[in-house]
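Here is the structure we will look at, set down as structure tokens.
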Amino acid sequence: MKTNDKGFNTKLIHAGAFDDEFGSATVPIYQTSTFRFKSAQHGADCFSGKSDGYIYTRIANPTIRAFEQNIAELENGYDGIATSSGMAAITTVHMALLGAGSHIISSDAIYGPARGVLEQDFSRFNVEATFVNTSKIENIIQAIKPNTKVLYIETPANPTMEITDIAACSKIAKEHNLILVVDNTFCSPYLQKPLDLGADVVLHSITKFINGHADIVGGVIVTKEVELYKKIRHSMVYMGCNMDPTQAFMVLRGVKTLALRIERAQENAIKVAEFLESHPEVEWIKYPGLKSHPQYELAKKQMNGFGSMMSFGLKGGYEAGKKLMDHVHLALLAVSLGGVETLIQHPASMTHAAVSKEHKLAAGITDDLIRFSVGIEDVEDIIEDLNNGLLSIYNK
Ligand SMILES: *Cc1c(COP(=O)(O)O)cnc(C)c1O
């Protein structure tokens with residue numbers, strides 16, 4: 001169903017859904033690898049583009065298309081490209097937009113493997129990457145070279161919670177003919193719409209907020225314009241990192257409650273952040289909804305809410321953090337984020353372990369940094385759990 005003229009909550013439920021001959025209320029799982037042509041001519045027409053019939057699931061599939069169209073409407077984009085994982089979305093975009101001799105500028109604090117794949121893999125194909133703190137726009141301008149093709153940002157950044165001004169990046173990107181790519185995983189389109197702020201491409205690990213139930217891994221890319229869409233879709237199909245129909249079914253189910261989940265999680269998050277900020281054992285905390293966040297005003301302007309991700313450090317450093325992580329019981333000690341359950345993890349030794357110590361420190365990923373993803377449990381229980389964990393630090 002086209003819901004372009006409808007509100008966001010209506011889009012969550014109905015965008016991308018289509019009627020089938022049985023009147024299914026949900027989009028069924030088309031668990032098939034291939035599709036029968038009506039005739040040899042029909043097969044030829046599907047391949048030449050004269051007919052838009054389905055051919056083969058790596059190229060396109062009805063369940064996957066429903067999700068792709070759903071997310072495209074949520075992001076106010078042209079269309080979506082669903083992938084097997086968030087990393088597949090990232091590598092597909094790089095594969096489509098970069099080539100030997102080209103240069104990419106990226107936020108320095110980004111998802112660990114998103115940095116790793118540029119440093120360790122694309123570098124082997126003579127793609128050069130510069131990592132800067134993109135929350136300071138002048139750093140981006142200084143890094144631009146004649147061969148710079150892509151400006152890649154993550155905001156809020158993982159795990160430092162630094163915020164980059166998307167509209168300002170878009171202005172620079174247009175002036176220098178760069179393609180602006182935004183990893184919107186930490187926000188989801190409910191909290192931030194990068195394409196509306198001038199980005200060319202937005203991508204997600206749908207493993208996180210969009211699916212929201214810690215039961216599948218997946219990714220998606222949405223572009224603003226058709227030409228870029230075709231280029232990136234081509235790379236996805238040729239690299240073969242398509243989403244599976246069952247993944248698409250699961251995320252179509254998960255996304256329906258995105259707004260409700262985020263509203264509850266961020267309602268909890270501000271209370272958790274205030275608790276941590278006032279706790280004597282906490283040295284620092286970064287949450288965009290606290291006035292103490294250096295970019296609180298930008299967050300307020302650019303985001304439609306402050307989300308449920310935060311990072312903090314304890315006075316006792318990593319050792320104290322380790323004790324806390326070993327003594328919380330409700331919060332799962334696990335990587336990933338944005339699910340209904342509260343998660344706690346230590347980026348320096350876990351999600352960002354592959355980033356060198358020097359680069360971690362330069363990007364602000366200190367050893368004491370603990371990342372916390374607030375779920376939708378009762379907030380009193382989340383705070384009690386943290387309080388008990390923090391008390392364990394004193395009990396030597
Ligand atoms: C998890 C994550 C990714 C990678 O996604 P996968 O689904 O795990 O491949 C990319 N970016 C951000 C911000 C993430 O949190």
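Remember, it's 1-based here, ligands and their atoms both numbered in the order they're listed.
- The hydrophobic cluster containing Leu178, built from Ile/Leu/Val/Met/Phe/Trp/Tyr side-chain heavy atoms closer than 4.5 Å, also comprises Ile105, Val132, Ile137, Ile140, Ile141, Ile144, Leu151, Ile153, Ile166, Ile172, Leu180, Val182, Leu197.
- In this structure, the salt bridge (Lys or Arg N to Asp or Glu O under 4.0 Å) partners of Arg115, at least two apart in sequence or on a different chain, are Glu119.
- No donor-acceptor distance shorter than 3.5 angstrom exists from the side chain of Ser107 to the backbone of Ile110, with no hydrogens or angles considered.
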Table please: side-chain donor-acceptor pairs of residues 303-322 below 3.5 Å, with sequence neighbours left out.
unit_1 : atom_1 : unit_2 : atom_2 : d
Asn304 : ND2    : Tyr190 : O      : 3.0
Ser311 : OG     : Pro159 : O      : 3.1
Lys315 : NZ     : Pro280 : O      : 2.5

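- Proximity of a side-chain donor or acceptor of Asp378 to a complementary backbone N or O of Asp381 within less than 3.5 Å is not detected.
- Contact residues for ligand 1 (protein heavy atom closer than 4.0 angstrom to any ligand atom): Ser85, Gly86, Met87, Ile90, Tyr111, Glu154, Asn158, Asp183, Thr185, Ser205, Thr207, Lys208, Val217, Gly218, Leu337.
- Test Arg65, Lys224, Arg233 against Asp79 for salt bridge (Lys or Arg N to Asp or Glu O under 4.0 Å) and you get one pass: Arg65.
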